[in-house]
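Structure first, commentary second.
Reminder, nothing fancy here: chain letters follow the sequence lines and each chain counts from 1.
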There are 2 protein chains.
Amino acid sequence: MNNSAIIRTPQEIQALQDTIYVISGKWKLPVINAICSGKRRFNEIHQSVPNITKRMLSKELKEMEMNKLIFRTVNCDHTLIEYFSTEYCKTFTPILGEMINWGLRHRQMIRALE
Amino acid sequence: MNNSAIIRTPQEIQALQDTIYVISGKWKLPVINAICSGKRRFNEIHQSVPNITKRMLSKELKEMEMNKLIFRTVNCDHTLIEYFSTEYCKTFTPILGEMINWGLRHRQMIRALE
DNA sequence: CGGTATCCTGCTGGATACTG
DNA sequence: CAGTATCCAGCAGGATACCG
């Protein structure tokens, strides 16, 4: 049993939990994905994320706006509302990439043991 | 608005959600941390993770064992039970590192805007 | 010492109807 | 079109007592 322990400080644990918080829940990732793939309008996003309700979409969009992952625009006569991903949202992509890879390998690994 | 959209497949989204699932919940990270920092016995871990109940600790340990992040040993006369982190658990450290950094920067960023 | 069992609360998210 | 309001179910997690 080796002892190369990686000990995190409470602040680091907190940071980790913050990050998880920002992307957890059932819908955040699929919604970001929809916006990143070019969906801009509420109903467009609503249709492209299977099974999400308007209520949930509305909540997620607000939270993500608060966290600066997306922003919302309204035109002058208030007829066109659009959502865009921010540059800041892209700082997330390395983590997302690593998480995807880990998740893919993890699933294979668990499968292999059954 | 640039359009360098990063479009993920449903499988990738699923992988992402798997990864989040493995480390989410209130206690998994603190518990892993305790084990990685050398705590091995149930009550030792119980004491070193503030406020966790035995019930929750028990549940988390089982889940983490299922996910191969830790393993449990019992000696021959069943008097000594210990938990260890696996090598597999360490495949997680790059993601954890990135998530910590993102979380730290995110908190500063949100602060700066208030 | 290393857990279970039981009971309970609060929050996340679903269903559905309604609105400016 | 872009949401809100209301009500409700299920489950994560807490409190506490108990057990081999």
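Open room surrounds CE on B:M66; 12 or fewer heavy atoms of other groups in view lie less than 6.0 Å from it.
Think of the region where chain B sits on DNA chain C: with heavy atoms and a 4.0 Å cut, that region ends 5' and 3' at C:dC1 to C:dT6.
Of the residues in residues 15-32 of chain B, those placing a heavy atom less than 4.0 Å from an atom of DNA chain D are B:G25, B:K26, B:W27, in numerical order.
Here B:Q11 pairs with B:T9 under the side-chain contact (heavy atoms from CB on, under 4.5 Å) rule; sequence neighbours left out. Looking at residues two or more places apart in sequence or on another chain, you find a side chain to side chain donor-acceptor pair (under 3.5 Å) between B:H106 and A:N67, A:Y88. Evaluation of the side chain to side chain donor-acceptor pair (under 3.5 Å) rule for B:N75 yields B:D77, B:T79 as partners, not counting sequence neighbours. With sequence neighbours left out, the side-chain contact (heavy atoms from CB on, under 4.5 Å) criterion links A:K54 to A:F42, A:N43, A:H46. Applying the side-chain contact (heavy atoms from CB on, under 4.5 Å) rule to A:K62 yields the partners A:S58; only residues at least two apart in sequence or on another chain are considered. When the side-chain contact (heavy atoms from CB on, under 4.5 Å) test is applied to A:K28, the partners found at least two apart in sequence or on another chain are A:E60, A:E63, A:M64.
Checked by atom type and distance alone, the side chain of A:T86 pairs as donor or acceptor with a backbone atom of A:L69 at under 3.5 Å.
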Give the B/S/- string for nucleotides 3-10 of chain D, one per nucleotide from 5' to 3', where a protein heavy atom under 4.0 Å of the base yields B, of only the sugar-phosphate yields S, and otherwise -. BSBB----
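Listed by first and then second residue, the salt bridge (Lys or Arg N to Asp or Glu O under 4.0 Å) pairs that reach into residues 8-20 of chain A are A:D18-B:R107, sequence neighbours excluded.
Residue A:L57 contributes atom CG, which lies 10 Å from atom C1' of D:dA2 at whole-angstrom precision. Separating the CE atom of B:M56 from the C1' atom of D:dC11 is a distance of 10 Å, rounded to the nearest angstrom. Following rounding to the nearest Å, A:E82 (CD) and D:dA2 (P) show an atom-to-atom distance of 9 Å.
Looking at B:E82 and B:R41, their side chains come closer than 4.5 Å, going by heavy atoms from C-beta outward. Two residues are said to be in side-chain contact when any heavy atoms from C-beta on lie closer than 4.5 Å; B:F92 and B:I23 meet this criterion. Side-chain contact between A:N51 and A:W27: present, with at least one pair of heavy atoms (C-beta onward) separated by less than 4.5 Å.
Comparing the end axes of the helix from C:dC1-D:dG20 to C:dG20-D:dC1, each fitted to five base pairs by superposing C1' atoms of four pairs onto the next four, gives an inter-axis angle of 50° (nearest 10 degrees).
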Which atom pairs, donor and acceptor, lie under 3.5 Å between side-chain atoms of residues 94-105 of chain B and protein residues at least two apart or in another chain?
{"from": "B:N101", "atom 1": "ND2", "to": "B:G97", "atom 2": "O", "distance (Å)": "3.4"}
{"from": "B:W102", "atom 1": "NE1", "to": "A:T91", "atom 2": "OG1", "distance (Å)": "3.0"}

